[in-house]
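Inspection log for the structure reproduced underneath, given as structure tokens.
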There are 2 protein chains.
Amino acid sequence: MATMKDVARLASVSIATVSATLSGASFVSPALKERVLAAIDELGYAPNAIASGLKSGKSSLIGLVVPDITNPFFTELVHAVQRKAAAAGFTVLLGVSDDHAGAEADLIRLMRSHQASGTIISPGSSEEDCGKLIEIAGKMPLVMLDNAPPSARADTVVIDNRKAAQLATDHILSFGHRRVATVSGPSHRFVSRERLYGFEASLENHGIEPLPDYVRRGDFHVAEACKAGLELINLPDRPTAIFVANNQMLIGVMQAVAQAGLSVPRDISIAAIDDFPWAPAFSPALTTVRQPIDAMADAALSCLMSRLNGNSEPAQRILLQPELVVRRSCGPPP
Amino acid sequence: MATMKDVARLASVSIATVSATLSGASFVSPALKERVLAAIDELGYAPNAIASGLKSGKSSLIGLVVPDITNPFFTELVHAVQRKAAAAGFTVLLGVSDDHAGAEADLIRLMRSHQASGTIISPGSSEEDCGKLIEIAGKMPLVMLDNAPPSARADTVVIDNRKAAQLATDHILSFGHRRVATVSGPSHRFVSRERLYGFEASLENHGIEPLPDYVRRGDFHVAEACKAGLELINLPDRPTAIFVANNQMLIGVMQAVAQAGLSVPRDISIAAIDDFPWAPAFSPALTTVRQPIDAMADAALSCLMSRLNGNSEPAQRILLQPELVVRRSCGPPP
DNA sequence: AACGTTTAGCTAAACGTTTCGTCAATGGAA
DNA sequence: TTCCATTGACGAAACGTTTAGCTAAACGTT
């Protein structure tokens, strides 16, 4: 690999001049600039970001840690962050914790070790562990996204999960349903709890007593949700509608519905949190609550950039609003 | 940030001893080792991967470039590569070309600039551009995945795309269909051409003349495919089955089918290349051809590791076999 | 006792940049 | 002419590691 030294030698200038030419900052005469550029071209020189990073103490890398990249919500989040980061001249260092406890701490350490300018993380961790993560990050700016507890002393971007659940449940209830069930997320996650509160609040507002049998815990993944869906369907007092707390569990519930040979929304109405590309391809197209993923990525990156520019105000919590996308998977009870 | 120097001072040893302790290679007496470890702990020291990379010339980073991360095939590929890379002690530097022409070259340059130990790329580029990519990579090992032309002089991991298309088409034909259409991919892509050949070969083997009207070009994305699907459905001589060349276009075609109010497989049979988590959640569950994503990631990483270990044999081409997953979206013609 | 050998640890030189301070040359003001 | 600013380029010192080469002590062998 050619280095600046080689370029300098070929162009008969000093290393400093090559550096100046590349960074464009300092004055370099047009004649020299041309010689340098020609030499760079001839040698196929590419700057060594590692050396540059070592010297300057910055790295044009930003860490991104998500619990499950196969979940379309996170896929789109990664996509959005990647695109916006690239536009700002940063490259994404991807970490996937796969819901594994210690993995998040390790990944933060990794990002730090690679001198990432900052890290955006969507923690799967419990409330207390989030505090540890912030500690591990040290002086590397950390932005928490999605499942961030309010107690976290780091910049935070979340949606109003309670409202998201209410939006979906209100929509279901507007058709006159009284027997409404939910497949909820793992209780140690902040977002799960919020979504469950929202569901229950909506029922209460409509004067409906929530039945314990109608509240099933999933784990935000397919298999458990499918089981939960089947159980609900086989209840003697089968619910006429189900609110599902995320997209992966919606797959599971839809599988259960398909297996049971039920028709949506004739036999049962379905609504879920998380919109995704396949939702309109179903028959009937699925009604969901969309999270403003692009805006979330924007906000997270803005926080990060502002910290990089020396902003040292106390951590802020940015709250974004979800949006109901009405399609055709909800209708009147049978 | 604490450095080795700080640790060394606190533990009253030399920097070299700290380094030796960390790398575990050389002999360090238990007493010193303990002192060093204690100092590390006290200072919250984390090794600077950048400095280490600069000195050692290696970086524990591997590049991964995909054209479209929201496509579940690539999502799962990223997931698999990420997992296996992490297990081998590497971190993934993610690049997304978004099907943009020059982006791939830029991303390869970026990976090189970050001293990635190697890069795995699934090129969207044309055949000739792939040659350029290899050139840009220089001495950084490059492995091409999925859409790699046979002419590429780099290690290559592909599936038998012709066979994949034949598997799906043969399955359709086994129900007695004679009017079979396809929504195919962009013609500049090697995989599109192969899949189209496979489709046509299958028809020929069954003595069916392929109708030009029944062959539609998509672009591997949703919108175009939806349009193509609608056109096919509205043909005076509507096909009784459609073979779709990838998963994103399957979304589009399913949307078209839903819009037209057709029932699958009663009115029309559907089969596609690329399995994905949602396929079994449809009613009816969708029949697809599964690519061995895990094996592909394995093979790509193995190639890379072998190159890192100094293997300088000529580039090899690894061919993996796809697998038909029969569900319920194909049936006899109406 | 003199000599190698082994062990444990240290010193110092890289790695490829950025950047600060220096310096020569030029030119305008006194 | 002398002096000082300005401009354009350079030299050299970092940045935080790794590692080759070295020293010194401890030990076993003759």
Side-chain angles (χ1 to χ4, degrees), chain A residues 1-37 39-40 43-61 89 109-110 112-117 138-140, chain B residues 1-37 39-40 43-61 89 109-110 112-117 138-140:
Chain A
M1 288 285 137
T3 74
M4 270 196 176
K5 200 146 82 179
D6 303 321
V7 174
R9 190 167 29 225
L10 184 59
S12 316
V13 298
S14 75
I15 295 184
T17 304
V18 178
S19 176
T21 306
L22 254 41
S23 61
S26 189
F27 300 79
V28 180
S29 71
L32 276 204
K33 191 179 278 185
E34 194 150 332
R35 282 220 317 266
V36 170
L37 261 22
I40 286 177
L43 292 173
Y45 165 79
N48 182 329
I50 293 236
S52 149
L54 173 59
K55 177 58 190 161
S56 63
K58 355 194 114 173
S59 80
S60 84
L61 252 37
R109 257 186 283 268
L110 186 82
R112 226 189 73 167
S113 164
H114 281 284
Q115 309 301 110
S117 300
K139 53 170 264 188
M140 173 180 72
Chain B
M1 289 284 133
T3 73
M4 269 196 177
K5 199 145 83 177
D6 304 321
V7 174
R9 190 166 32 223
L10 184 60
S12 317
V13 298
S14 74
I15 295 184
T17 305
V18 178
S19 175
T21 306
L22 254 41
S23 61
S26 188
F27 298 81
V28 181
S29 72
L32 275 204
K33 190 180 278 186
E34 194 150 331
R35 269 197 359 240
V36 170
L37 261 20
I40 286 177
L43 292 172
Y45 164 80
N48 183 328
I50 293 237
S52 149
L54 174 59
K55 178 57 191 164
S56 63
K58 354 192 116 175
S59 80
S60 83
L61 250 38
R109 257 186 284 267
L110 185 83
R112 226 189 74 168
S113 164
H114 280 283
Q115 311 301 108
S117 300
K139 53 170 266 189
M140 173 181 71

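Throughout, a chain's letter reflects where its sequence line sits, starting with A, and its residues are numbered from 1.
A search for side chain to side chain contact (heavy atoms under 4.5 Å, CB included) contacts involving A:Leu110 returns A:Leu107, A:His114, B:Thr91, not counting sequence neighbours. Residues meeting the side chain to side chain contact (heavy atoms under 4.5 Å, CB included) test with B:Ser113, sequence neighbours left out: A:Ala49. Checked against side chain to side chain contact (heavy atoms under 4.5 Å, CB included), A:Ala16 has the following partners two or more places apart in sequence or in another chain: A:Ser14.
Among residues at least two apart or in separate chains, there is no side chain to side chain donor-acceptor pair (under 3.5 Å) pair with a member in residues 43-55 of chain B.
Interatomic distance, OG of A:Ser60 versus CD of A:Gln115, reported as 12.0 Å (0.5 Å rounding). Taken to the nearest 0.5 Å, the CG atom of B:Leu10 stands 10.0 Å off from the CZ atom of B:Arg35. Note that OG1 of A:Thr21 is 7.0 Å distant from CD1 of A:Ile40, once rounded to the nearest 0.5 Å.
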N/O to N/O distances under 3.5 Å, protein versus nucleotides 11-18 of chain D:
unit_1	atom_1	unit_2	atom_2	d
D:dA14	N3	A:Lys55	NZ	3.1
D:dC15	O2	A:Lys55	N	3.4
D:dT17	OP1	B:Tyr45	OH	2.9
D:dT17	OP1	B:Asn48	N	3.4
D:dT17	OP2	B:Met4	N	2.9
D:dT17	O5'	B:Tyr45	OH	3.4
D:dT18	OP2	B:Ser19	OG	2.8

Which dot-bracket notation, 5' to 3', represents the base pairing of DNA chain D when pairs are defined as Watson-Crick or G-U with both distances under 3.5 Å, crossing pairs as [ ], and inter-strand pairs as |?
||||||||||||||||||||||||||||||

Distance-only donor-acceptor hits, side chain of residues 2-9 of chain B, under 3.5 Å, sequence neighbours excluded:
unit_1	atom_1	unit_2	atom_2	d
B:Thr3	OG1	B:Lys5	N	3.1
B:Asp6	OD1	B:Arg9	NH2	2.9
B:Asp6	OD2	B:Thr3	N	2.8

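Nucleotide C:dT11 holds its C1' atom 17 Å from the CZ atom of B:Arg9, rounded to whole Å.
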